[in-house]
Trainee: 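Sending over a structure as structure tokens; questions will come in a sec.
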Amino acid sequence: MTSKVFKDAEAALFDMKDGVSVMSGGFGLCGIPENSILEIRRRALKNLHAISNNIGNSGRGLAWLLKEKQISRATCSYVGGNPDLEAQMLANEIDVTLVPQGTFSERIRAAGMGIRAFYTPAGYGTEIAEGKESRAFDMPCLLELPLAADFAIIKAQKGDPYGNLWFKETARNFSPLMAMAAKVTIVEVEQLVELGEISPEDVHLPGVFVQRIYQGADYENTIEIPIFKDET
Amino acid sequence: MTSKVFKDAEAALFDMKDGVSVMSGGFGLCGIPENSILEIRRRALKNLHAISNNIGNSGRGLAWLLKEKQISRATCSYVGGNPDLEAQMLANEIDVTLVPQGTFSERIRAAGMGIRAFYTPAGYGTEIAEGKESRAFDMPCLLELPLAADFAIIKAQKGDPYGNLWFKETARNFSPLMAMAAKVTIVEVEQLVELGEISPEDVHLPGVFVQRIYQGADYENTIEIPIFKDET
Amino acid sequence: MGEVNVSGSQNHWSKNEMADQVVEMLHDGSSLNLGIGIPTLVAQRIPPEKGIWIHSENGVLGVAGRPTPESVSATLINAGKETISVKKGASFFDSAMSFGMIRGGHIDVCVLGGMQVDAEGSLANWMIPGKKVTGMGGAMDLVHGAKLVIVMLTHFSKRGDVKLLHRCTLPLTGKGVVHKIVTDLGVFTPTGESFQIDRLAPGVTEKQLGMTDTLLSSAS
Amino acid sequence: MGEVNVSGSQNHWSKNEMADQVVEMLHDGSSLNLGIGIPTLVAQRIPPEKGIWIHSENGVLGVAGRPTPESVSATLINAGKETISVKKGASFFDSAMSFGMIRGGHIDVCVLGGMQVDAEGSLANWMIPGKKVTGMGGAMDLVHGAKLVIVMLTHFSKRGDVKLLHRCTLPLTGKGVVHKIVTDLGVFTPTGESFQIDRLAPGVTEKQLGMTDTLLSSAS
């Protein structure tokens, strides 16, 4: 039986090519797949379609790839706090599609769960509605389609050799959904644990959605906006 | 602040009336809310619309209410192994709507998550498609609407005073989805635990979906089909 | 056509041998959903070294045989409501996730029982009008999504009717969804207007299949 | 209309006092989502005995103030990417669940910042064409679903333009979605063609609001 466990990012991303679509987990810099992103930079892959809530932030994460002009297309919900993206948007160097965050997560889930389309009220009556079918239920809604990708790169706190994952605190965000929605899901973990070490009830993402997993290294785990008690 | 914690089934179901729709968790007899069902029997509520994968089984669970003719309408996916339901269906004493199980669970989720409708391939080209809108995506699909209810009665292994829940093994099934989809969700638990005792990452259902919770008693936890090693 | 009574013949596969035909189609490490009835036998015939992950739609991945009287749990069952045990690396989840795994194409193989299956790949397995309604349970979802949908059924009904038809006469579970059919007489692929014979059980002849020539085609 | 510069006046609420107006609208035990910017101040003004459950759309329910330098965690943040701590009974979940809580109507109150809000209850808070695009983030979802949608904004822009308009001129975040507006000068309810004045900050007069008479109506 072929193993899902890879040595490192270089081994796990062996077949990623120019022009692919890549979902990348994380909210801001929280829970981002640092090792996989840096490997994409090292390999100088070009013309990527990045699908991520924030296309990096504060010069880090996917912004590492923005700096190298590796991303030609981005699908995201928020560009604030990302000077690299803003600059390239203004210079028309990147094609950005903005999607409301709840629609973004539900479209990714839909792709993973085989739902072919759904109706949501988000965005009705706004620019986002342009070119979209609408229909009134208890309130007017837009028809939204699944959002899938060639690859998903995500990070988890713990993972086992089958790919069962467990996420820490708010680092879960879009990662399990993206794992469901990509043809090839590559996971890096803080701790690669034994099969059975994650309690079956508390698996956050069953391994059936994961194709490759590796033990990550050298995490920065950057805190973007540290605020402490008795500050504001 | 009003507490969500009730003394028992009698206290928690105080305002349930004839004619309401009630979702009931469980797969077969696994994970069913025994105390709440027995309280509905004790109160002799009539004309109920029961929404449950199986409307009881093997003479137990919601079949306790079928025997007393308390259920006039049922929405479910499977009627096999339920002689009480079969008898009343043949006698036209109950109005049964059959829904494919995956569509059943997704419609309940949709109600809870505010999705107004979705497209799924299940049931296309079958009797289930009659009267439903269809549309071709990568394959032909049916448009399905949310399934909500006045009440949900469910059971969890552990629950805290806010209503955070944790389910054991395969007892989870439809219960967390139903909790999201009902106006009033009433949970009975094997163990009522302190706030914080369920690890925040491993809460299976956040308490925001729960209106009432009580410590259950006298569980039968019937095993329908016990098969052991070296048997077939 | 119904006159060939297979139960009177030595030339047919036992249910375990039928299960072995399914096992041969499984790639190492693949995920597998087993329907209620004959398909559950497949679980017992899989060599552990194949590393198959068995899914049951009530919310478990990693089913592994049966419990002991000591380990049995009322909350650990399969979709047939039978007690099970799980292997290391198993996971439990809710029904929306469970069916999402299937609908989303993450379960490689799905094996279902059937009352009738036809040359178009349509399956009927949930009701006989006026006689019997069990409900479709998860079957209408299970037939969509899996990369390989296999139907396991006895070739003939108790009445002696062939269950492999040009078109099903019973209400459908799914239209054009079945990839392979395993009966006690052989393995078949529905091709639209006929069934391709992939293999026959040892000693079984085409004549024994109780099907017209136009409904049969040999593997090319 | 833009000539009334509120910053030169003593007669207005501080941002904390604005937050207190929001706190007064919260029922004990309710769930609350706080947007980025001014709304985050609300968290600090809620008396713990009110038992409010604060939701942040990046996947947490039960936010409780700030961490200490010892307890801070890179994986524990709110939707503004600021470090937080949580209270007993908190839970973490994925983004689909988080937005389902909102879209499904399980979050009682949602407080957002805004660039403009209008008499129809429409909100604009995600872009200024040709000047600034931050993206809508979760705002387009947040405005649908909560039982009470409150917008907190300063009454005047830095340029001195009133942010409460008959109709928004900036691209909308949501159409007809806002129930209450809290500015540094008062609390308002959009009624379709005008704003009902629910209350004004101490000493503030209607004249100071910089709005035409037809755009204002008093609480009945």
Side-chain angles (χ1 to χ4, degrees), chain B residues 1-5 105-118 145-149 152 156 158-167 172 176-185 187 192-213, chain D residues 26-33 46-64 71 73 75-77 84-110 138 140-147 174 177:
Chain B
M1 192 175 47
T2 50
S3 169
K4 292 183 181 183
V5 181
S105 51
E106 190 70 14
R107 285 179 62 196
I108 296 170
R109 177 190 181 272
M113 300 280 97
I115 297 299
R116 295 332 199 262
F118 63 90
L145 298 175
L147 182 57
K158 293 184 205 172
D160 71 24
Y162 183 53
N164 291 310
L165 304 182
W166 188 92
F167 298 89
R172 193 176 329 183
L177 308 167
M178 289 175 169
M180 300 173 194
K183 288 196 201 86
V184 177
T185 293
V187 185
L192 190 60
V193 302
E194 299 276 306
L195 214 56
E197 205 167 306
I198 305 172
S199 161
E201 281 95 349
D202 300 327
V203 167
H204 294 161
L205 183 84
V208 75
F209 298 108
V210 171
Q211 280 69 46
R212 303 172 196 167
I213 188 165
Chain D
L26 303 176
H27 295 289
D28 287 3
S30 58
S31 51
L32 170 68
N33 179 287
I46 300 171
E49 61 271 21
K50 266 185 113 77
I52 302 293
W53 290 84
I54 299 177
H55 172 266
S56 198
E57 65 266 30
N58 56 317
V60 52
L61 183 66
V63 177
S71 71
S73 164
T75 49
L76 187 47
I77 62 169
I84 56 167
S85 65
V86 294
K87 65 177 178 177
K88 273 188 186 179
S91 54
F92 301 116
F93 31 82
D94 70 43
S95 300
M97 169 65 108
S98 189
F99 280 94
M101 277 186 195
I102 294 160
R103 199 190 300 107
H106 308 283
I107 301 297
D108 298 310
V109 184
C110 181
M140 285 191 184
D141 307 89
L142 288 162
V143 293
H144 297 282
K147 295 177 193 90
V177 292

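The figures here come from the full heavy-atom set of this structure, side chains too, leaving out hydrogens, waters and symmetry mates. So that the names make sense, note that chain A is the first sequence line, chain B the second, and so on, each numbered from 1.
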Trainee: Is the backbone N or O of Gly114(B) less than 3.5 Å from a side-chain atom of His144(D), with the two atoms forming a donor-acceptor pair by type?
Mentor: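 Checked: no pair found.
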Trainee: Do the rings of Trp53(D) and Tyr162(B) sit parallel, tilted or perpendicular, given the 30° and 60° boundaries?
Mentor: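 Rings of Trp53(D) and Tyr162(B): parallel, under 30°.
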Trainee: Which heavy atom of Ala96(D) sits nearest a heavy atom of Met113(B), and at what distance?
Mentor: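 For Ala96(D) and Met113(B), the tightest heavy-atom pair comes out as O-SD, 4.1 Å.
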Trainee: Please report the interatomic distance CD1(Ile115(B)) to CZ(Phe99(D)), rounded to the nearest 0.5 Å.
Mentor: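 Reported to 0.5 Å precision, the distance equals 12.0 Å.
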Trainee: Which heavy atom of His106(D) sits nearest to which heavy atom of Gly112(B), and what is that distance?
Mentor: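 Heavy-atom minimum between the residues: NE2-O, 2.7 Å.
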Trainee: Find the one option among Leu195(B), Asp160(B), Val203(B) whose heavy-atom pairs under 4.5 Å with chain D are most numerous.
Mentor: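 Most heavy-atom pairs under 4.5 Å with chain D: Leu195(B).
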Trainee: Got a second to check how far Arg103(D)'s CZ is from Arg116(B)'s CZ, nearest 0.5 Å?
Mentor: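 Between Arg103(D) CZ and Arg116(B) CZ, I get 8.5 Å after rounding to 0.5 Å.
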Trainee: Within the structure provided, determine whether Lys88(D) and Glu197(B) are in side-chain contact (heavy-atom separation under 4.5 Å).
Mentor: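 Result no, sub-4.5 Å side-chain heavy-atom pair not found.
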Trainee: Under 4.5 Å between any side-chain heavy atoms of Ser91(D) and Glu201(B), yes or no?
Mentor: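 Ser91(D) does not reach Glu201(B) side chain to side chain.
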Trainee: As an exercise: rank Ala90(D), Gly145(D), Gly59(D) by heavy-atom pairs under 4.5 Å with chain B and give me the winner.
Mentor: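 Most pairs with chain B among the choices: Ala90(D).
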